[in-house]
Amino acid sequence: MIEVNERIDVPAPPKVVWDVLSNPHAVVECVPGAALGDKQEDGSYDATLMVKFGPAKVSFRARFTLELDPSAMSGQVASKARDNQGGTRVKAGMRFTVVAGEAPATSVIAIAAQVEISGKLASLVESGANLVVKHMTKEFSERLAAKVAGATA
């Protein structure tokens with residue numbers, strides 16, 4: 001089990017950040033290597049994600065659900081994925097909350113997630129997970145900051 005606890009500072013008011021995070025299409029634009037597929041009848045979404053683990057690139061097909069609480073500006077995501085070779089499975093749960101930052105017109109996104117990995121690439125994925133999470137969080141933060149800057153301009 002991999003535990004992820006991140007705090008992302010965003011240079012935009014909470015409402016602007018929430019508007020992006022509550023829109024799966026906008027979020028996917030902030031995640032390098034991700035693409036959003038179809039919305040299913042049960043409300044879940046299909047998606048793909050390519051992740052680099054050192055020299056290895058692993059592509060995953062995923063299905064996720066998104067539950068939002070607009071009044072609390074919080075949400076949770078549950079996802080299941082498998083790599084394109086079918087040997088690695090990932091199950092993840094994430095909770096996030098948007099709150100006002102310390103400076104005016106800023107926000108903080110608190111993220112807590114648990115990730116379970118099984119299959120033939122599990123040891124590779126787990127050994128590089130912390131570095132990959134840090135790198136992906138940095139890229140997500142930069143893309144989110146650019147997106148909300150455009151929304152507040």
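Distance check: F96 CZ to I8 CD1 gives 11.0 Å after rounding to the nearest 0.5 Å. The CD1 atom of I111 sits 6.0 Å away from atom CE of M94, with the distance rounded to the nearest 0.5 Å. In this structure, CD in Q76 is found 9.5 Å from CG in L68, a value given to the nearest 0.5 Å. To the nearest 0.5 Å, atoms NZ (K80) and CZ (R63) are separated by 11.0 Å.
Shortest non-hydrogen contact noted between V148 and A12 is CG2-CB, 3.5 Å. Between R143 and C30, the shortest heavy-atom contact is CD-O, 3.4 Å. The minimum heavy-atom distance linking P14 with S107 is given by the pair N-OG, 2.8 Å. Between D83 and V58, the shortest heavy-atom distance links the atoms CB-CG1, 3.8 Å. The shortest non-hydrogen separation linking V20 to V27 is O-CG2, 3.5 Å. In plain terms, the two heavy atoms of I109 and L21 that are nearest each other are CD1-CD1, 3.6 Å.
Residue E102 places its CD atom among 12 or fewer non-hydrogen atoms of other residues, nucleotides or ligands, all under 6.0 Å distant.
With hydrogens and angles disregarded, a donor-acceptor distance shorter than 3.5 Å links the side chain of D69 to the backbone of S71. Without hydrogens or angle criteria, S22 side chain to W18 main chain gives a donor-acceptor distance under 3.5 Å.
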Query raised in the report: Could you walk me through whether L49 and M136 pass the side-chain contact (heavy atoms from CB on, under 4.5 Å) check?
Result: CA-CA 12 Å; L49 178 65; M136 289 181 74; 4.2 Å; yes
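Applying the ring pair (Phe, Tyr, Trp, His ring centres under 6.0 Å) test to residues at least two apart or on different chains, the pairs with a partner in residues 28-50 are Y45-F64.
For the side chain to side chain contact (heavy atoms under 4.5 Å, CB included) with F60, the lone residue among N84, V90, T48 that qualifies is V90.
With contacts defined as side-chain heavy-atom distances shorter than 4.5 Å, the pair S141/T137 qualifies.
With side-chain heavy atoms closer than 4.5 Å counting as contact, directly or through intermediates, the hydrophobic cluster containing V99 also holds V108.
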